[in-house]
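In what follows, chains are A, B, ... by sequence order, proteins preceding strands, each numbered from 1.
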Number of protein chains: 2
Amino acid sequence: MLDKFLRYALFLCLFIGFTGIAQAEMTREEYAIKFRRSSYTALGWYYGYLHRMVKGITPYDQALFQRDAERVALLSKLPKDGFIAGTEVGDTKAKPEIWTKPALFKEDNDKLENESAKLAELAKGGDFEVIKAQFSTLQKTCKTCHDDFVKRKSE
Amino acid sequence: MLDKFLRYALFLCLFIGFTGIAQAEMTREEYAIKFRRSSYTALGWYYGYLHRMVKGITPYDQALFQRDAERVALLSKLPKDGFIAGTEVGDTKAKPEIWTKPALFKEDNDKLENESAKLAELAKGGDFEVIKAQFSTLQKTCKTCHDDFVKRKSE
């Protein structure tokens, strides 16, 4: 009986040890904040590729632009999963308005998803002037949401 | 002439200020490390949802499992973009073997992409026993790559 218990305890320790390594020192809330910041970082990385092509810093490559616009569109759908209860405070630049004005936050977030999806769709067509115009719309969408909901360093 | 120069300088400062906020304090290499770690974090987040369904911690929901398996499959394609030259050192748990054994790293990374894609494909079918078996294969793939290429805390 004791032997059985010890075996179970050992198994449990090993299981927790193995599956919990990454999150061992984090609460669920801290992990959610880390996740949403990570998904914005990944989004920003691919947005940067698009930005450099639009600005002419790197040459326009239709296939690459399309691939990365699709990645931005997919990544745009992720961050909202990280705004779970209890994540208003912590290692975050999120303004309290995210929770006090949820309808406006949803509106800004929906715009991010929709304008990104539209860019990915237009990217397939390959008309760079049309693409640049839509990129500009997306850029404004980012700026609006940052103004509304992301703390600046001085805040 | 001076006036024109000043206007240009002001414009340049504003442009750099606006576009460079996120990366202002980071080198390209630091940003690439941050990006690849972020994409692994986002991958792990959705992997966690799948893991909890497979283990019976949360009930199996075919639509949600499929959606998150697709996200894992897409996210699995991202981290490799962050292993650019000069990122062997810095805020990273990457072992030097990533650069000294590139063929093996590619093999492990390809497996991650392929087994994730296979899981996403099988998730559409909805046969939970088949899905669980493939999840187990993916889990082993993660473990192999971690053993080969990710430093433990004690290292």
**Report entry** Residue pair A/Val150 / A/Cys145, side-chain heavy-atom distance below 4.5 Å
**Finding:** no
Requested in this report: Select one option (side chain, backbone, both, neither) describing which atoms of A/Tyr46 are under 4.5 Å from chain B's heavy atoms.
Outcome: side chain
Query - Whether B/Phe149 and B/Phe105 hold their rings parallel, tilted or perpendicular, with breakpoints at 30° and 60° - result: perpendicular
Query raised in the report: Do A/Arg36 and A/Thr87 come close enough that some side-chain heavy atom pair is under 4.5 Å?
Result: yes
Report task. Using non-hydrogen atoms and a 4.5 Å limit, figure out which bit of B/Tyr47 sits close to chain A: side chain, backbone, both or neither. Result -> neither
Query - Atom group of A/Leu78 that falls short of 4.5 Å from chain B, counting heavy atoms - result: both
Query - Whether over 12 other heavy atoms sit under 6.0 Å from B/Lys80 NZ - result: yes
Report task. Name the member of B/Ala32, B/Pro79, B/Ser38 that forms the most heavy-atom pairs with chain A at distances under 4.5 Å. Result -> B/Ser38
